[in-house]
Amino acid sequence: KTADDRIGALSAVLKVCIAENNLMEGHTITECLLNEPMMIFQRSRLLFWLGDLSEHLYDFDRAIGYYCRSLACASRPDELHHAIWCNLGFCWLYKMDFRTAEQCCRRTVDLAPMAWEGWKNLGVSLEHQQQIEEAFLVYFKAVVLSRGRAVPVMHLTRLSQRHPGVVPDV
């Protein structure tokens, strides 16, 4: 089988592992493929998936390590670049390092200005740093880009309730 065939099969297996909450099995299988020489050009994607699995396991230190290794790969696919930064921002939010999260999220929205998740994560980092007006604007942008998805709407609503009268001119 080719590396692309293996990636396709692994993607299907990981979906089942996540659906069945069998994350460690998915992690083990992915780790095995990571060390195969034929997978060298898929290394960044495999490391990204390992980071994602680690996030699901609430192992944010490990996830950050995988994402950083994924970023360092010369063979990193362009479509992964902003997703890696977005996930790094999310991990740093969980670790309550809001400045580092903000840096990652700003990188995300620079790379993918239409990615609502990056804007939502940026809003969370700004809110926790008491940058309320900018957080409001960023959450508002996430709501618009997501077409009203529940998560960014919830963040915007909560911020507006916690800080009435601080709503900037939109």
- Task: Start with the C-alpha distance between Leu57 and Met24, add both sets of side-chain angles, then the distance that settles side chain to side chain contact (heavy atoms under 4.5 Å, CB included), and finish with yes or no.
- Result: CA-CA 8 Å; Leu57 291 166; Met24 286 308 299; 3.5 Å; yes
- Message: Between Trp119 (side chain only) and Leu137 (backbone N and O only), is there a donor and an acceptor less than 3.5 Å apart?
- Response: no
- Task: For Asp4 and Gln42, test the side chains for any donor-to-acceptor distance below 3.5 angstrom and give the result as yes or no.
- Result: yes
- Task: Considering non-hydrogen atoms only, spot the tightest contact between Thr108 and Cys86 and give its length.
- Result: OG1-N, 3.0 Å
- Query: Can you check whether Leu122's main-chain N or O pairs, donor with acceptor, with Ser125's side chain at less than 3.5 Å?
  - Reply: yes
- Query: For the residue pair Gly123 and Val138, what are the closest heavy atoms and their distance?
  - Reply: N-CG1, 3.4 Å
- Is Val151 linked to Phe136 within one hydrophobic cluster, defined over Ile, Leu, Val, Met, Phe, Trp and Tyr using a side-chain heavy-atom separation of less than 4.5 Å? no
- Note on the structure: Here the pair of heavy atoms bringing Tyr67 nearest to Cys91 is CE1-SG, 3.9 Å
- Between the side chain of Tyr139 and the main-chain N/O of Glu134, is any donor-acceptor distance below 3.5 Å? no
- Message: Taking Leu34's backbone N and O only, do any of them form a donor-acceptor pair with Arg43's side chain (distance below 3.5 Å, no angle check)?
- Response: yes
- Note, Trp92 side chain near Phe60 side chain (heavy atom, < 4.5 Å): no
- Message: How long is the straight-line distance from SG of Cys105 back to CH2 of Trp85, given to the nearest 0.5 Å?
- Response: 10.5 Å
- Item | Side-chain donor or acceptor of Arg62 paired with backbone N/O of Ser54 under 3.5 Å | no
- Heavy-atom side-chain contact between Met154 and Arg149 under 4.5 Å: no
- Are the side chain of His81 and the backbone of Pro77 linked by a donor-acceptor contact shorter than 3.5 Å? no
- Are Arg45 and Glu79 close enough, and set up right, to give a salt bridge (charged side-chain N to carboxylate O under 4.0 Å, His left out), and what steps lead you there? CA-CA 10 Å; Arg45 186 173 310 280; Glu79 76 271 7; 2.8 Å; yes
- Query: Do you know which two heavy atoms are closest between Ser146 and Pro152, and how far apart they sit?
  - Reply: OG-CG, 3.3 Å
- Task: Calculate, to the nearest 0.5 Å, the distance between atoms CG and NE2 belonging to Leu23 and His56 respectively.
- Result: 6.5 Å
- Task: Report yes if some heavy atom in the side chain of Cys68 is under 4.5 Å from a heavy atom in the side chain of Leu88; otherwise report no.
- Result: yes
- Query: Heavy-atom count around Arg158 CZ within 6.0 Å, excluding the residue itself: above 12?
  - Reply: yes
- Message: Quick check on the hydrophobic clustering: are Ile84 and Leu93 connected, directly or via other members, by side-chain heavy-atom contacts under 4.5 Å?
- Response: no
- Message: Are Leu50 and Ile64 connected into the same hydrophobic cluster when the rule is that any two of I, L, V, M, F, W, Y join if their side-chain heavy atoms are below 4.5 Å apart?
- Response: yes
- What distance do Cys17 atom SG and Glu25 atom CD have between them, rounded to the nearest 0.5 Å? 5.0 Å
- Task: Consider only side-chain heavy atoms of I, L, V, M, F, W and Y, link residues closer than 4.5 Å, and tell whether Leu156 and Ile132 are in one cluster.
- Result: yes
- Task: State whether Glu102 and Arg107 are salt-bridged, where the test is any N-O pair (Lys NZ or Arg NE/NH1/NH2 against Asp/Glu carboxylate O) under 4.0 Å.
- Result: no
- Item | Point-to-point distance, once rounded to the nearest 0.5 Å, from CE of Met39 to CD of Glu36 | 7.0 Å
- Item | From CA spacing to verdict: side chain to side chain contact (heavy atoms under 4.5 Å, CB included), Arg162, Glu127 | CA-CA 11 Å; Arg162 286 183 180 166; Glu127 182 179 357; 3.3 Å; yes
- Distance-only donor-acceptor check, side chains Tyr66 and Glu55, under 3.5 Å: no
- Query: At what distance, to the nearest 0.5 angstrom, does CG of Leu47 lie from CD of Glu31?
  - Reply: 8.0 Å
- Query: With side chains defined as the heavy atoms from C-beta onward, is the minimum distance between Lys95 and Asp61 less than 4.5 Å?
  - Reply: yes
- Query: At what distance, to the nearest 0.5 angstrom, does CD1 of Ile29 lie from CZ of Arg6?
  - Reply: 12.5 Å
- Stepwise, does the side chain to side chain contact (heavy atoms under 4.5 Å, CB included) test hold for Ile18 with Leu53? CA-CA 8 Å; Ile18 290 169; Leu53 288 166; 4.1 Å; yes
- Query: So with a 6.0 Å cut-off around CG of Asn35, is the heavy-atom count from everything else above 12?
  - Reply: yes
- Task: Answer yes or no: is there a donor N or O on one side and an acceptor on the other, between the side chain of Ser11 and the main chain of Ile7, under 3.5 Å?
- Result: no
- Has the side chain of Ser70 got a donor or acceptor atom that lies under 3.5 Å from a matching backbone atom of Ser44? yes
- Please walk me through it: do Phe98 and Leu126 pass side chain to side chain contact (heavy atoms under 4.5 Å, CB included)? CA-CA 7 Å; Phe98 301 114; Leu126 293 169; over 6 Å; no
- So, do Leu10 and Leu46 sit near enough that their side-chain heavy atoms are less than 4.5 Å apart? yes
- Indicate if Phe140 and Trp116 have the same hydrophobic cluster label, given that clusters are the connected sets of ILVMFWY residues with side-chain heavy-atom separations under 4.5 angstrom. no
